[in-house]
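Everything below concerns the one structure shown next.
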Amino acid sequence: MSQQQVEPHMFVIIGATGDLTRRKLLPALYHLRDQGILETRNTLIVGAALPEMGEEGFRLWAFEGLQKAGWHNNTELRAWCDECLHYQTVHEGAVQDYEALAGYIRRLERTHNMPENRVFYLALPPDTVPIAIQRLDQAGLLKSRGWVRVVFEKPFGHDFHSAQHLNTTLHHYIDESQIYRIDHYLGKETVQNLLAFRFANPIFESLWNRDRIENVQITVAEDLGVEHRGAYYQQAGALRDMVQNHLTQLMTVVAMEVPVSFDAGAIQSEKLKVLHSIAPITHEDAVFGQYSSWQIAGQTIPGYREEPGVPKDSDTETYVALKAEIQNWRWKGVPFYLRTGKRFPRKLTQVAVIFREAPTQVFRSLDPGSIASNKLLITLQPSEGFSLCFSVKSPGRPFRLSDHALQFDYQKSLGQLPEAYETLLRDVMIGDQTLFVSAEFTETAWRLYTPLLTGDRTVYPYTAGTWGPREADALVERYGHQWQLGW
Ligand code: BG6
């Protein structure tokens with residue numbers, strides 16, 4: 001999270017002609033350029049991929065992608081593509097193809113008088129990552145007189161052993177300090193603001209513990225289904241796709257202790273301590289669901305099993321709700337409920353901190369149901385902000401209470417927020433690992449969830465357009481709680 005300048009470097013995207021490059025990476029890079037953070041003299045972008053599209057073809061493809069992403073300053077846009085974007089095919093990724101890439105990169109470095117600083121962004125299917133890193137090594141690209149950083153996209157393995165194996169493979173070629181594992185949730189401005197909120201505002205910190213907090217609920221609800229990603233999703237499911245990474249990152253940011261400083265090592269070490277303190281999660285405390293079809297206004301929304309690429313008898317979960325117990329002094333006895341799913345009624349990413357009720361009730365004569373607990377709702381999507389909810393007296397007689405909130409809307413107060421990828425790419429370029437996932441974090445998270453991937457798993461159907469299976473309500477009710485549904 002430093003203010004460092006971007007040093008001159010080569011930004012190489014391996015697998016550059018895919019969806020991720022066009023939808024996320026190029027718009028983020030262009031936006032960084034727009035803010036004056038990237039300049040031609042400090043960053044050259046090299047696309048490397050299978051197609052023989054040539055430099056001109058790649059530039060045009062990128063230009064059209066950026067237009068689709070909303071930029072219409074065509075002359076400037078085209079000039080940027082021509083100046084900054086380069087392309088070299090790596091065909092199927094044979095040794096000689098990577099050697100050709102190495103020759104190409106070195107020539108560019110010489111022509112532009114660049115130091116040998118290189119970022120390799122692997123925008124590749126997970127099973128091709130180990131071979132790509134081996135090829136980069138064989139071509140001598142991982143050794144340089146400058147620095148080399150390698151960026152990886154999730155998934156980092158599909159269970160504990162595969163994650164451990166992947167990390168061992170990567171560490172054979174590069175050091176952990178060169179590895180940037182992306183979890184795009186960490187790049188979201190509101191997640192970073194959670195750190196600021198907690199550690200810059202002592203009034204909240206003094207409430208942030210088992211004495212004051214009844215339970216914490218982390219919801220990542222998506223209104224969409226699996227769309228065109230059925231084949232991938234079928235292998236993953238919600239636990240691997242969302243819980244092991246995004247929701248767990250959110251949980252550790254909410255629950256971590258105050259770090260000794262605001263640098264990567266200190267923050268990552270506190271987050272890891274949270275993970276290490278979580279008790280094994282049992283099948284009794286986890287509910288899996290799968291969306292089934294839904295009729296609305298004469299239309300049928302397909303169920304998961306009707307999605308393209310999904311077998312008709314699939315029992316892959318599109319929904320998970322679970323209870324985690326962080327067994328440390330701060331949180332012992334406070335359930336952390338995590339919940340995520342596809343085809344919910346609306347998109348909502350929210351951390352709800354539910355405070356304990358008053359020890360004795362002054363307003364005894366009122367209907368107990370009308371006295372709501374204090375809540376802090378931290379919303380990440382669709383809008384970003386905080387709501388601190390409390391009871392106030394409704395005007396007049398009879399004496400009644402109603403629930404209201406102090407609200408802070410990030411965008412209204414502070415304007416447009418940067419995209420997660422923009423933040424993360426800039427951090428890679430300046431060498432700040434604070435918002436990236438360490439090897440130990442990935443493995444520890446997998447160790448926690450791997451037992452839930454097998455064993456006695458029932459996957460309950462829920463109708464698309466609802467908040468998940470009834471069994472998930474029963475899970476929280478068993479502990480005397482209810483799901484919080486936004487404000
Ligand atoms: C991705 C998952 O990591 O996150 C997708 O693979 C999911 O399945 C997406 O839809 C959600 O991201 P966001 O930023 O839209 O909440």
Side-chain angles (χ1 to χ4, degrees), residues 15 18-25 27-28 69 121-127 129 151-158 163 180-194 217-251 253 288-291 304 307-310 314 316-320 338-351 378-385 410-411 416-425 435-437 441-442 445-446 449 464 468 486:
D19 203 38
L20 178 75
T21 307
R22 201 137 105 144
R23 278 193 317 110
K24 298 285 184 193
L25 305 185
Y121 197 113
L122 303 196
L124 293 169
D127 53 334
V129 163
V151 188
F152 299 91
E153 278 285 337
K154 83 175 224 308
F156 315 119
H158 53 268
Y180 291 72
R181 294 180 194 79
I182 287 206
D183 181 316
H184 77 280
Y185 267 57
L186 289 177
K188 288 182 191 274
E189 200 67 11
T190 341
V191 176
Q192 297 166 67
N193 193 36
L194 246 169
Q217 302 182 11
I218 300 177
T219 298
V220 181
E222 296 187 83
D223 51 350
L224 297 176
V226 293
E227 309 295 294
H228 56 278
R229 298 164 72 223
Y232 150 77
Y233 199 86
Q234 179 55 24
Q235 303 303 317
L239 192 70
R240 290 188 173 101
D241 188 48
M242 297 294 288
V243 177
Q244 186 273 347
N245 33 68
H246 307 324
L247 279 91
T248 303
Q249 289 290 348
L250 289 178
M251 170 165 62
V253 170
F288 300 96
Q290 187 189 75
Y291 62 86
Y304 176 68
E307 300 279 15
V310 175
S314 164
T316 296
E317 80 284 356
T318 61
Y319 176 100
V320 179
L338 311 189
R339 170 174 65 152
T340 186
K342 303 248 182 224
R343 286 263 184 250
F344 274 31
R346 63 190 161 96
K347 188 166 174 77
L348 176 72
T349 304
Q350 186 182 67
V351 178
I378 304 164
T379 309
L380 284 80
Q381 296 180 118
S383 60
E384 286 132 319
Y410 214 118
Q411 202 163 335
Q416 194 61 38
L417 303 181
E419 270 282 319
Y421 271 91
E422 224 173 287
T423 306
L424 295 173
L425 294 191
L435 301 177
F436 294 84
V437 186
F441 191 101
T442 335
W446 275 123
Y449 298 115

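Counting starts at 1 for both ligands and their atoms, in listed order. Keep in mind it's a predicted model, so treat the numbers as computed, not measured.
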Any donor-acceptor N or O pair under 3.5 Å, side chains Q234, S314: yes
* Taking the inter-plane angle between the rings of H184 and Y421 on a 0 to 90° scale, is it parallel (under 30°), tilted (30 to 60°) or perpendicular (over 60°)? -> parallel
Q) Can we call the ring centroids of Y121 and Y180 under 6.0 Å apart? A) no
* Asked: Using a distance-only test with no angle check, is there a side-chain donor-acceptor pair under 3.5 angstrom linking Y291 and E317?
  -> no
Chain-and-number sorted residues having a heavy-atom contact under 4.0 Å with ligand 1 are K154, H184, Y185, K188, E222, R229, D241, M242, H246, K342, K347, Q381
- Using the side-chain hydrogen bond (donor to acceptor under 3.5 Å, both in side chains) rule, take Y233 and T318 through it: C-alpha gap first, then chi angles, then the decisive distance, then the call. CA-CA 9 Å; Y233 199 86; T318 61; 5.6 Å; no
**Asked** For D241 and K154, what are the C-alpha separation, side-chain angles and deciding distance, and is it a salt bridge (Lys or Arg N to Asp or Glu O under 4.0 Å)?
**Response** CA-CA 9 Å; D241 188 48; K154 83 175 224 308; 3.2 Å; yes
